[in-house]
Structures are given as C-alpha cells and as structure tokens.
Amino acid sequence: MPKKAGVFAALLLSAISAVSVSAESLNESSALMLVNTSHRIEKDYEPERTRIGDTYFYMNSEAAEALIKMLSDMEAELGEAPMIISTYRSYEKQETVFNADVEKAVKSGAEPEKAAQDTAVYIQLPGASEHQTALAVDLSNDGSLEEDFIETEAGKWLEENCHEYGFIIRYPKEKEEYTGIGYEPWHIRYVGHPFSDIMKENNWCLEEFIAYMKRNKMLVWEDSKNIWSLYFTAALDESYDTDTVAYDTNSGGYVITSKKKKDSVMNVADNGSRYKEKMHTRLVERLVGADSKRAEEAD
C-alpha cells in the first residue's frame, strides 16, 4: 500500500463538480511509457522533442524544461552540475551503439551470442531503449558512466532530489529483477508528477508502479498543493473529468490522472460525509462499468 494512500476520502471529495469530457478530447502523455525488452516500441516511433538549451541534445519538451531547471539548481547549490552524455537516440542509433559493443566483445574473444547477452544487460536492444522515447538522459561528472557516480556529490544530490523535478533513477540498485537492467545511477528518466514522488517515497521502479496500478486499479496521492486521483484502465472508452491526462503505459493500458487544488477540496469537505459517499460510488461505478463493457466486448 502506498504510504500516502490514506487520503482516499479527500480524493473523492476532489472529484466533486468535475465536468466530463470525451476520450477524443482527452490530453494524452507518453511520460509513463514502459520500454524494455518485453515492451518495445516501433522502429519508426518518433517522439515529440526539442533541443536542450544551446546543446545538440534533444528531449521531450516537458522533460527538457525540467532537466534545465534541475541542473541549474544543482549548479547553484553544489557549484557545478554533471554534464549531459546522452538523451534522445533513434532506433537506428541504438542499433549502432548496441552492435558496436557486441563487436568489441567478439574481437576480445567472446562468442557472438554471449557477447550479445552480456551487452543487453547495460545496453538495450533497438526498440527496447528508453532513449528512443526522448524521456531519458545519462549524466556524468567526467564523461564516464560508472556505478561510483552515485558516490559523488552530484550522484547523491540526484538520488535525493531528482524526484522533485519529475525524474527518477530509472535502474536502481537491487531492482534488476524488475527492470532486467543492471544498476545505472547515471540514467535518469522523466515521468513527471506525481509519479516521481510516488515512486521515490515507496521505493518503486517504474515496473513496480505500473504493476501496482494494474493490480489495485486506483491510487490517491497528496502533495503540498494538490490531491491527485489515479486509476488504471485498459482502454480509453469512457468519459473523463477536466484537468485529466491519460498516460499510456505501453503495457496494455493507461493511468488516468487528475488533480484538484487542496484549497478547493477543503472547501467542499466542510459539507461532510454525504459527498464522500457520493463520490466513492461514482468512482467505483466508473471502474466497474468499464470492466463490464470490456467483458461484453470480449464475449
């Protein structure tokens, strides 16, 4: 159970007076895309991206803005910030990077199959790399990508603070059984809020968060300003509230997310439990109705 799921009643109150919109007009986001060997993306997948400042690196525009802000704050606090090593990579570029590492291992005496298997522990196969989403960035103090990055001042700062900017350490230590990737403290992934905060506080990697949403269907989260309501759906075939975003997980469903300002929620809360009961019924009926519809279509 997430540590802040106890604010469920407040979430239900937050849904009061919401206006419904159709799935066609719903805002959609790729920030929660799960990309790995089991959940690949197409060779021709072309994400939205923009140049990061005056560099030659490109990222998703929302992620780029958050990265610039994070590195600026790091430099102000620490005196310097790590350099960007890698961001967006096309399918073809990932193919080149992967094959080059395999060829290097083969030239050193490794069997081709073993070389490919070993390479895949740290370099994803084409179509299985987060870099193709334009949501990932590799950072370094000196140009190298080493595990001891986490022991540096910059590495420690990122581990403690990157979630405040919407980022997570994508491949944490002791999470290899979920991610399938070795420990990479330099590989930072943008997921946005409230997801980075949820994963940080519960010590979840992206795979664990998505698995939680698939099992439990609903989640409530509270930060200093907002109360967030999240629920999982297999398809966008319902009506949704305003200020709602559908996050494609690239794993058979969407995390539908909306937020309400705490001030507005607290004003409504003065009217008491009848609103709580009403909105609890509303949200449960929405989930049950969606499941029933999918069952009918399956028949």
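The shown structure was predicted, so the numbers you read here are calculated from the model rather than taken from an experiment.
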Practice task
Starting at OG of Ser129, measure out to CD of Glu95 and round the result to the nearest 0.5 Å.
Solution key: 12.5 Å
Handout entry: Beyond-backbone contact of Gln94 with Ile123, side-chain heavy atoms, under 4.5 angstrom
Key = yes
Problem - Verdict with reasoning, His187 to Ile181, per side chain to side chain contact (heavy atoms under 4.5 Å, CB included) - result: CA-CA 11 Å; His187 184 94; Ile181 297 295; over 6 Å; no
Fill in the blank from the handout: In short, Tyr183 meets Tyr171 closest at the heavy-atom pair CD1-O, 3.4 Å
Exercise for the section: Count the heavy atoms belonging to other residues, nucleotides or ligands that lie under 6.0 Å from CD of Glu207, then report whether that count exceeds 12. Expected result: yes
Handout entry: Side chain Thr55, main chain Arg51, donor-acceptor under 3.5 Å
Key = no
Problem - Test item: Asn226 side-chain N/O and Trp228 main-chain N/O as donor-acceptor pair under 3.5 Å - result: no
Exercise for the section: Determine the minimum heavy-atom distance between Ala31 and Leu135, stating which atoms define it. Expected result: CA-CD1, 3.9 Å
Practice task
Give the cluster check for Val97 versus Val106: same hydrophobic cluster or not, with ILVMFWY residues linked at side-chain heavy-atom distances below 4.5 Å.
Solution key: yes
Practice task
Mind checking the OG1-NE2 spacing from Thr257 to His193? Nearest 0.5 Å is all I need.
Solution key: 13.5 Å
Completion exercise
Rounded to the nearest 0.5 Å, the SG atom of Cys162 sits from the CG atom of Asp73 at a distance of 13.0 Å
Practice task
For residues Glu208 and Asn203, determine if any side-chain heavy atom of one lies less than 4.5 Å from a side-chain heavy atom of the other.
Solution key: no
Practice task
Quick one: list whatever passes side-chain contact (heavy atoms from CB on, under 4.5 Å) with Ile85, sequence neighbours left out.
Solution key: Met83, Asp138, Ser140, Leu145
Problem - Side-chain touch Leu71/Glu75, heavy atoms, less than 4.5 angstrom - result: no
Practice task
Can you establish whether the number of heavy atoms outside Glu176 located under 6.0 Å from its atom CD is more than 12?
Solution key: yes
Handout entry: Tyr45 and Gln132: side chain donor to acceptor below 3.5 Å
Key = no
Exercise for the section: Please report the C-alpha distance between Ile168 and Ile188 in whole Å, then the side-chain angles of each, then the deciding distance to 0.1 Å, and finally whether the side chain to side chain contact (heavy atoms under 4.5 Å, CB included) criterion is met. Expected result: CA-CA 6 Å; Ile168 58 172; Ile188 316 300; over 6 Å; no
Problem - Check: Tyr254 and Glu28 side chains under 4.5 Å, non-hydrogen atoms - result: yes
Handout entry: salt_bridge(Glu164, Lys200) N-O dist < 4.0 Å
Key = no
Exercise for the section: Indicate yes or no: at least one non-hydrogen side-chain atom of Phe232 is less than 4.5 angstrom from one of Thr249. Expected result: yes
Problem - Reported NZ-to-NZ distance for the pair Lys262 and Lys225, which is rounded to 0.5 angstrom - result: 11.5 Å
Exercise for the section: Please tell me if the side chains of Glu92 and Lys43 come closer than 4.5 Å, counting only heavy atoms from C-beta onward. Expected result: yes
Problem - Exercise: identify the closest heavy-atom pair between Phe98 and Ala116 - result: CZ-O, 3.7 Å
Exercise for the section: Decide whether Val191 and Val35 are clustered together by the hydrophobic rule: side chain heavy atoms of Ile, Leu, Val, Met, Phe, Trp, Tyr closer than 4.5 Å, transitively. Expected result: no
Problem - Side chain proximity check, Met33 to Arg189, heavy atoms < 4.5 angstrom - result: yes
Practice task
For the pair Asp248 (side chain) and Ser30 (backbone), establish whether a donor and an acceptor sit closer than 3.5 Å, ignoring hydrogens and angles.
Solution key: no
Completion exercise
Closest heavy-atom pair, Ala105 versus Ala115, reported as atoms and distance to 0.1 Å, is CB-CB, 3.7 Å
Practice task
Mind listing the closest non-hydrogen atom pair of Thr87 and His131 along with its distance?
Solution key: O-ND1, 2.6 Å
Exercise for the section: Please check if Leu34 and Tyr178 belong to a single hydrophobic cluster, counting links between Ile, Leu, Val, Met, Phe, Trp and Tyr side chain heavy atoms closer than 4.5 Å. Expected result: no
Problem - Side-chain donor or acceptor of Glu48 paired with backbone N/O of Ser61 under 3.5 Å - result: yes
Handout entry: Heavy-atom side-chain contact between Tyr247 and Ser29 under 4.5 Å
Key = yes
Handout entry: Check: Tyr212/Asn202 side-chain N/O donor and acceptor closer than 3.5 Å
Key = no
Practice task
Please check if atom CD in Glu153 has more than 12 non-hydrogen atoms from other residues, nucleotides or ligands closer than 6.0 Å.
Solution key: no
Practice task
Group every Ile, Leu, Val, Met, Phe, Trp and Tyr by side-chain heavy-atom contacts under 4.5 Å, then state whether Ile84 and Trp186 land in the same group.
Solution key: yes
Practice task
Give me the ring orientation class for Phe209 and Trp204: parallel if the planes are under 30° apart, tilted from 30 to 60°, perpendicular past 60°.
Solution key: tilted
Exercise for the section: Verify the cluster assignment for Ile210 and Val245: are they in a single hydrophobic cluster under the rule of side-chain heavy atoms below 4.5 Å apart? Expected result: yes
Handout entry: Of Val255, Ile198, Leu32, the residue whose pairing with Met213 passes side chain to side chain contact (heavy atoms under 4.5 Å, CB included)
Key = Val255
Practice task
Step by step, work out the side chain to side chain contact (heavy atoms under 4.5 Å, CB included) result for Tyr165 and Met74.
Solution key: CA-CA 11 Å; Tyr165 302 85; Met74 285 184 70; over 6 Å; no
Practice task
Using a cut-off of 6.0 Å, state whether more than 12 heavy atoms not belonging to Glu46 lie near its atom CD.
Solution key: yes
Practice task
Supply the atom-to-atom distance Gln117 CD to Lys114 NZ, rounded to the nearest 0.5 angstrom.
Solution key: 7.0 Å
Fill in the blank from the handout: To the nearest 0.5 Å, atom OH of Tyr231 lies from atom OG1 of Thr244 at 7.5 Å
Practice task
Decide yes or no on side chain to side chain contact (heavy atoms under 4.5 Å, CB included) for Leu236 and Ile256, but give the supporting numbers first.
Solution key: CA-CA 9 Å; Leu236 301 178; Ile256 308 300; 3.7 Å; yes
Problem - Shortest non-hydrogen contact from Ile150 toward Gly155 - result: CD1-O, 3.5 Å
